[in-house]
Protein chains: 2
Amino acid sequence: MNDRMRIGDLTERAGVTPRTVRYYESIGLIPPGEREGHGQHYYTEETLARLRKIDQLKKLGLSLDEIRDVIDLYFIDPSGIQPKQKVLAILRQHLAEADQKIGALQQFRADLQANIERFERWFEETEHR
Amino acid sequence: MNDRMRIGDLTERAGVTPRTVRYYESIGLIPPGEREGHGQHYYTEETLARLRKIDQLKKLGLSLDEIRDVIDLYFIDPSGIQPKQKVLAILRQHLAEADQKIGALQQFRADLQANIERFERWFEETEHR
DNA sequence: TATCAATATGACGTTAACGTAACATTTAGG
DNA sequence: CCTAAATGTTACGTTAACGTCATATTGATA
C-alpha cells in the first residue's frame, strides 16, 4: 500500500485547500499526516476519503463539531471503540435530527410547490384576461 | 385591525431578541416598525408571522440572504410583483435545491441506520460470546 | 549542487448573524 | 408630575470556518 501523497495531490483530489486540511488536522477532524522529523506531511487514501465524507456531511448542514461526532463511524472498525452505548446514543440522536430535517424540508418543498402553482395560475388569468 | 405591539411583545411571541428584530430591519428582511417621529416602533401581526416564517426557513439551512429571496412570496399578493418570471425561476431553483437536500439527507439517514444496526449486531456478538 | 516550486508555520483578516455593554430617551403607571 | 421599566442607538465583541499574506524550509530536478 504505497498511497503516500503530499498535500498538493490530496487537496486537489479532495477539492479543498491546504488551509482546510491543516485546519481540520488542528481540530482533530482528520489525523495529522505522517512525516519524518520536521519535513513535509504525507497523507493516505483514507484521509482523502475522510475529506470527501466530511464534505458530504457539511452539505447536510452538519457543523464540523457534529461531524466529528460521527465521522469515525465510517472509518474505524467497531472493535476499537470504547464508549459503545454513548456512540449508539449519538447515532440515534443524529437519526432523529435527520428525520426532523427531512420533515421540515418536505414541508418547505410543499410550500414552494404551492407558491409556484399559485403564480402559474395567476399568470393564466392575467395573460388571457 | 388594532394589532399594534411594541418590540417587547413581538420578540416574546416570536421567540427572538430585540437585537434580532433590529438586525432584520437593517438588512431589509422585515419592514421597519412604524412610529411617530422619534419615538418607539410599533409592529403588526404580519411582522410576527414573518419572523416565524424566517425561523422556519433558517432551520432548513437557508441563509438570511436566501430567505430574503423568497420571504415575500408568503406575504404579498401576487398582483404587486413585477419581475414575475424571475420570481418563478427563483422558486423553481429553491425547489430543486430542496429536492437535493432531501435526497442527501435520506442517504445520510440510511447510513446512520446502517451504522446503528452494525453496532447493535456487534453488541449481540460480544455480549453473548 | 544550485534552484525553484511546493510545503510549513505563524498571524492577522473575513463573513454571517447576532450578543452585549453603555448611554440617551420614551412611555406607562402611581 | 415623577419615576422606573421599556425602548432606541452606537459601537465593540463573538463564533465558525476558513482566506490571505509573509516568511522560512524542504525537496524534486536540471
Can you pull every protein N or O that's under 3.5 Å from an N or O on nucleotides 11-18 of chain C?
unit_1	atom_1	unit_2	atom_2	d
C:dA17	OP1	B:L64	N	3.1
C:dC18	OP1	B:K58	NZ	3.2
C:dC18	OP2	B:Y24	OH	2.6
C:dC18	OP2	B:K58	NZ	3.1
C:dC18	N4	B:R19	NH2	3.4

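- Applying the salt bridge (Lys or Arg N to Asp or Glu O under 4.0 Å) rule to B:D9 yields no partners; only residues at least two apart in sequence or on another chain are considered.
- Rounded to a whole Å, the NE2 atom of A:H38 is 14 Å from the C1' atom of C:dG10.
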### salt bridge (charged side-chain N to carboxylate O under 4.0 Å, His left out) assessment of B:R109 paired with A:E97
CA-CA 9 Å; B:R109 204 210 110 95; A:E97 287 169 5; over 6 Å; no
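- Scored by the side-chain hydrogen bond (donor to acceptor under 3.5 Å, both in side chains) test, B:Q107 finds B:D111 as partners (sequence neighbours excluded).
- Under the salt bridge (Lys or Arg N to Asp or Glu O under 4.0 Å) criterion, A:R68 pairs with A:D65, sequence neighbours left out.
- As rounded to whole Å, 14 Å separates atom P of D:dC18 from atom CD of A:E25.
- Taking a 6.0 Å sphere around CD of A:Q100, one finds it holds 12 or fewer heavy atoms contributed by other residues, nucleotides or ligands.
- For the side-chain hydrogen bond (donor to acceptor under 3.5 Å, both in side chains) test, residues two or more places apart in sequence or in another chain that qualify with B:R50 are B:D72.
- Among residues at least two apart or in separate chains, side chain to side chain donor-acceptor pair (under 3.5 Å) pairs with a member in residues 26-37 of chain B are B:R35-B:H41.
- Listed by chain and number, the residues in a salt bridge (Lys or Arg N to Asp or Glu O under 4.0 Å) with B:E66 amount to none (sequence neighbours excluded).
- The phosphate of D:dG19 has neither OP1 nor OP2 within less than 4.0 Å of any side-chain N or O from A:R22.
- Taking atom CZ on A:R4 and atom C1' on D:dG27, their separation rounds to 12 Å, with Å as the unit.
- Look at the P atom in both D:dT10 and C:dA16: the space between them is 22 Å, to the nearest Å.
- When base pairs are accepted only as Watson-Crick or G-U wobble with both N-N or N-O distances under 3.5 Å, DNA chain D takes part in stems of 3 or more pairs at C:1-14 with D:17-30, C:17-30 with D:1-14.
- Listed by chain and residue number, B:R92 satisfy the side-chain hydrogen bond (donor to acceptor under 3.5 Å, both in side chains) test with A:E120 (two or more places apart in sequence, or in another chain).
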Using a cut-off of under 3.5 Å, enumerate the N/O to N/O pairs linking the protein to nucleotides 1-6 of chain C.
unit_1	atom_1	unit_2	atom_2	d
C:dA6	O3'	A:R6	NH2	3.4

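- Scored by the side-chain contact (heavy atoms from CB on, under 4.5 Å) test, B:Q56 finds B:K53 as partners (sequence neighbours excluded).
- With sequence neighbours excluded, no residue forms a side-chain hydrogen bond (donor to acceptor under 3.5 Å, both in side chains) with B:E46.
- Atoms CD (A:E36) and C1' (D:dT26) sit 11 Å apart, rounded to a whole Å.
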